[in-house]
Amino acid sequence: MDKDNNSLDSLFSAKIDVPESLSPENIEKKLIEFDKNPEKFKDKIIDDSDVITENFEDEIYGDNIENNVNQGDNNSDNNSENNGVNKGENSSKVIKLDPKKRRRFIFSSVAAVLLVMIVSAAAIGYNKGLFQNTSNGMLPASQQKFARENLNKAYDIALSNYKDRKGGFGKKFFGDKTSRIAINDESAVKGIQGGNTANQFDNSASAGKASKSSNDYSKTNVRTEGVDEAEIVKTDGNNIYEYNRIRNCIDIIKVNGKDTERVARISLTKYQINVNQNGFYVQNNKIVVVGTSYKNGGYDYDFYKNDTYIEEETEADSKGSGDSSVGSDDSSNDDSDDGSEDGSNNSTGPAVSATNSVSDCNVKSDDEYNKYIDKNKKDYTLSNVDTFTRALIFDVSDTDNIKFEKGYFLEGEYKDSRLKDGILYLFSSRYMYTGKRPVKKKYESYIPKIQGKCVEGQDLVIQEDYKTVNYTLAASVSLEKNTYIDKKAILGGYGNLYVSEGNIYVMDPAGYSETNIIRISYKKGKLKLEKKGKINGSILNDYCIDESGKYLRLVATHTTTNGNTVNGLYVLNDNLKVVGKLDGLAKGETIYSARFIDDIAYFVTYRETDPLFSVDISDPKKPKLLSYLKIPGFSTYLHPVSDSKLLGIGEEDTDIGREFKLSFYDISNPSNVTESQKTLLDGSSESINNPNAILFDEENHLFGFSMILWNNTASEGWVYDVSGYDNVYQLYSYDDNSYKKVLEVAGDRALRIGDYLYVISIGKEVKAYKVSDLK
């Protein structure tokens, strides 16, 4: 502020000849006009004031600025004589001021200049998206202050991190366990409510148009009903969509009963996106592909440009095997009919046409992303930005004319995503350390970017005393409006994500076996930072967390300083404060799975045996242990298949090695949980760690998953048991008493549309089965 006062003193002491346009009368007239209609002046102010943009940014963010107004009395005297009048035909008319009017003029001039600077700065800030608000275009003064404070904190942390790193991972960075723990209570997000703004992005959002397809089809198995998750095979009731990892494309397969036909293919090679097992979404005639892109290396895109390494399929391959036999059930607990048919009613439909017989769709590339990458190849700001989280939107309403609509990109590695009511929520993790000292004026050296623009201060959540510069980025995108809605950047690591019907919980591992929990409410794409809490322990996945009313229930494993483990259940109130807990369970073991059903929590721990706990949490402040079932093996996923049965999918160590395990738990009496049925299979399954890959069709009482089966022989060792395929698909039917296998056939995924079940061997074939024949 002293520098500002000196600048004003220099103005008052200067001897200036002033053009008539800046006379007090004209200034007063302009001020009156501006007051009546400020919008009239906005464009002109922006056009004429670019020279003050950098100084404005320096000022609002607390940097030192140079005095560009005047260099002192002597310079002013000389400049006023030499430059006071513009020469030429268009030179301004100069007026001589009466000495008595000098002070009045100087005061009015300074006021006018300051006003123009403020309005210009505001307009520039608005134009640059620094302080834009959805209501009146500018953040209130209190929020501007909060934005400046957030940016300053971000810079301080970045600078501190730089110094720690430069010193060789000093004690300050990895030493005291509390050094990485953020603010002790919910004040970490104090004042952030005002930051719920759309900024430079379009603030309009609404649910997409209703799908024209039938709703009679199976959905992806997700954590929260109504909140979709990405998968590599999906359907909208009319078509099957599959991600073919080998050819890096999405194939669209038209189905009609047993008739199946591949009708289109979207090649993703040109978009340089690594989808892998992240998958995509299908909603309202749009495909949303999510994944990671690498600017420099890490993903060989040229690998996909030549498909000659894939052997040509034979005519027999393209027609499919037609095998409809059903495998036997190895379970010693299941002596019932295995559901085998003679094939007449259970035969496959025609396989999809050969993979290489469909040409790639002629869709355009993501020019916005490509131009950004090309433009910033040698930029300081991208020296550490080799990884981007991306979402690609395609319009597939006309499969003969598929259109690429837009690509969205966030800095950092793709972590997760959700889709609800036509709005995509993207999450990435961005580590900002570049090995170069952060520069305060270069916000990109310590602030992450979304769509090539630094996240603004009001959308930053800076946790104090956080000694690393890792951000969790969150952004929402309207599929209907095809634009961003909101965004947030939270200083902190990314552990797990749990999304309920109205809140997003970011789990940030902090300190030694501790977890920060940040709650973000979401509604129609708007993201609002709510509360922050902390628990002792680490959380396995989002199935270990559950929101019920104003309470958050979770189970966690805590590792003590001597390396021992202990497990517990915690109940947090609306302020994310622990109000009830049951800890000290299964010492020396680790939580492998959990499921919350109404007011009962079930969770499995494992070291040598498989204890299944049931806990009554009807009284949030006094959780009560009901049952403790100790059996061999462990379940990594639990799924309620009826009011009385809980399905467990996991593994068990046996005399021949670790085998895949199915368990049926009887939970009709939560105080006396028992294992009523078990199946062991020689193989492994993706479903152990990926619940999205499991089919659950509650309407028809079916569940299924793909497996790799092997056979242990003395001469050959472990070998694949299904010739020509990596995976075999197993389908089971169930009732309130038991389950039984009804189908075993080569395949990677299965889904139901209407009366037919389709088993998909990705990139190879689709087989159709009448559901009524699979009971």
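Side-chain contact of E530 with S521: a donor-acceptor pair under 3.5 Å is present, judged by distance alone. Under the 3.5 Å distance criterion, with hydrogens and angles disregarded, a donor-acceptor pair is assigned to the side chains of N248 and Y243. Between the side chains of T220 and K234, at least one donor N or O sits under 3.5 Å from an acceptor N or O. A donor and an acceptor atom, one from each side chain of S417 and Y281, are located under 3.5 Å apart. In this structure, a donor-acceptor pair under 3.5 Å is present between the side chains of Y408 and N482. Side chains of E547 and Y505: a donor on one and an acceptor on the other come within 3.5 Å. For Y241 and D236, the side-chain atoms include at least one donor-acceptor pair closer than 3.5 Å.
A cation-pi arrangement, defined by a distance under 6.0 Å to the six-membered ring centre and an angle within 45 degrees of its axis, is absent between R390 and Y414. Figure legend: K406 and F404 shown without cation-pi pairing, the cationic atom not lying both under 6.0 angstrom from the six-membered ring centre and within 45 degrees of its axis.
Annotation: F427 is not in aromatic contact with Y494 [ring centroid separation under 6.0 Å not met]. When ring centroids are compared, F394 and Y271 come within the 6.0 Å threshold.
One finds the CZ atom of F705 at 9.5 Å from the CD1 atom of I688 (value rounded to the nearest 0.5 Å). Distance SG/C361 to CD1/I252: 6.0 Å, rounded to 0.5 Å. To the nearest 0.5 Å, the span separating NZ on K415 from CG on N278 amounts to 10.5 Å. Remark: L554 CG to T515 OG1 distance equals 8.5 Å, nearest 0.5 Å. To the nearest 0.5 Å, the span separating NZ on K145 from CD on Q458 amounts to 16.0 Å. The distance from the CZ atom of F146 to the CD1 atom of I462 is 8.5 Å, given to the nearest 0.5 Å.
Annotation: side chain of V506 is in contact with side chain of L497 (closest heavy-atom distance under 4.5 Å). Inter-residue side-chain proximity for I246 and I762 is flagged as unmet; no heavy-atom pair is nearer than 4.5 Å. Here the side chains of D748 and S761 are in contact, with some heavy-atom distance below 4.5 Å. For the pair K532/N516, a side-chain contact is recorded, criterion being any heavy-atom separation below 4.5 Å from C-beta on. Residues V499 and Y522 have side chains in contact (heavy-atom distance under 4.5 Å, counting atoms from C-beta outward). Residues M432 and P448 meet the side-chain proximity criterion, which asks for heavy atoms closer than 4.5 Å. Put simply, the side chain of K488 does not reach to within 4.5 Å of the side chain of T472, judged on heavy atoms. Y484 is listed as a side-chain neighbour of I450, based on a closest heavy-atom distance under 4.5 Å.
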Step-by-step side-chain contact (heavy atoms from CB on, under 4.5 Å) determination, V275 to F280 | CA-CA 8 Å; V275 178; F280 59 92; 5.7 Å; no
D546/R223 under side-chain contact (heavy atoms from CB on, under 4.5 Å): CA gap, chis, key distance, verdict = CA-CA 10 Å; D546 183 71; R223 171 63 183 88; 3.3 Å; yes
Is there a side-chain contact (heavy atoms from CB on, under 4.5 Å) between T260 and I240 once you walk through the steps?
-> CA-CA 9 Å; T260 61; I240 294 174; 5.8 Å; no
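Under the 3.5 Å distance criterion, the side-chain polar atoms of E261 are left unmatched by any main-chain donor or acceptor of K254. The closest donor-acceptor contact from the side chain of S476 to the backbone of G525 lies under 3.5 Å. Although no hydrogens or angles enter the test, the distance criterion places no donor-acceptor pair under 3.5 Å between the side chain of N284 and the main chain of K286. N150 contributes a side-chain N or O that, together with a main-chain N or O of L460, makes up a donor-acceptor pair within less than 3.5 Å. Proximity of a side-chain donor or acceptor of E413 to a complementary backbone N or O of T292 within less than 3.5 Å is not detected. The main-chain N or O of A264 is never found under 3.5 Å from a side-chain atom of T399 such that the two would form a donor-acceptor pair. Under the 3.5 Å distance criterion, the side-chain polar atoms of N692 are matched with a main-chain donor or acceptor of N221. Under the 3.5 Å distance criterion, the side-chain polar atoms of Q463 are matched with a main-chain donor or acceptor of L491. The main-chain N or O of P691 is never found under 3.5 Å from a side-chain atom of S687 such that the two would form a donor-acceptor pair. Without hydrogens or angle criteria, N370 side chain to D366 main chain gives a donor-acceptor distance under 3.5 Å.
The aromatic rings of F409 and F388 sit perpendicular, their planes meeting at an angle over 60°, well past the 30° parallel limit. Ring geometry for Y446 against Y443 counts as perpendicular: the plane angle is over 60°, on a 0 to 90° scale with 30° as the lower cut.
In this structure, A475 and L410 approach most closely via the heavy-atom pair CB-CD2, 4.1 Å. Taking all atoms of both residues into account, the shortest heavy-atom contact from I539 to C544 is CG2-CB, 4.0 Å. Across all non-hydrogen atoms, the minimal contact from S267 to C249 is CA-CB, 4.0 Å. Of all heavy-atom pairs between S500 and V227, the closest is O-CG2, 4.0 Å.
Between R752 and D216 a salt bridge is recorded (basic side-chain N to carboxylate O distance below 4.0 Å). No salt bridge links D486 with K523; every basic N to acidic carboxylate O contact stays at or beyond 4.0 Å. Of the charged side-chain nitrogens involved, none lies within less than 4.0 Å of a carboxylate oxygen, so that E242 and R749 do not count as a salt-bridged pair. In this structure, D542 pairs ionically with R418, as a charged nitrogen and a carboxylate oxygen lie closer than 4.0 Å.
Counting non-hydrogen atoms of neighbouring residues, nucleotides and ligands closer than 6.0 angstrom, the CD atom of E501 reaches no more than 12 such neighbours.
The one candidate from K487, K449, K453 that meets the salt bridge (Lys or Arg N to Asp or Glu O under 4.0 Å) condition with D459 is K487.
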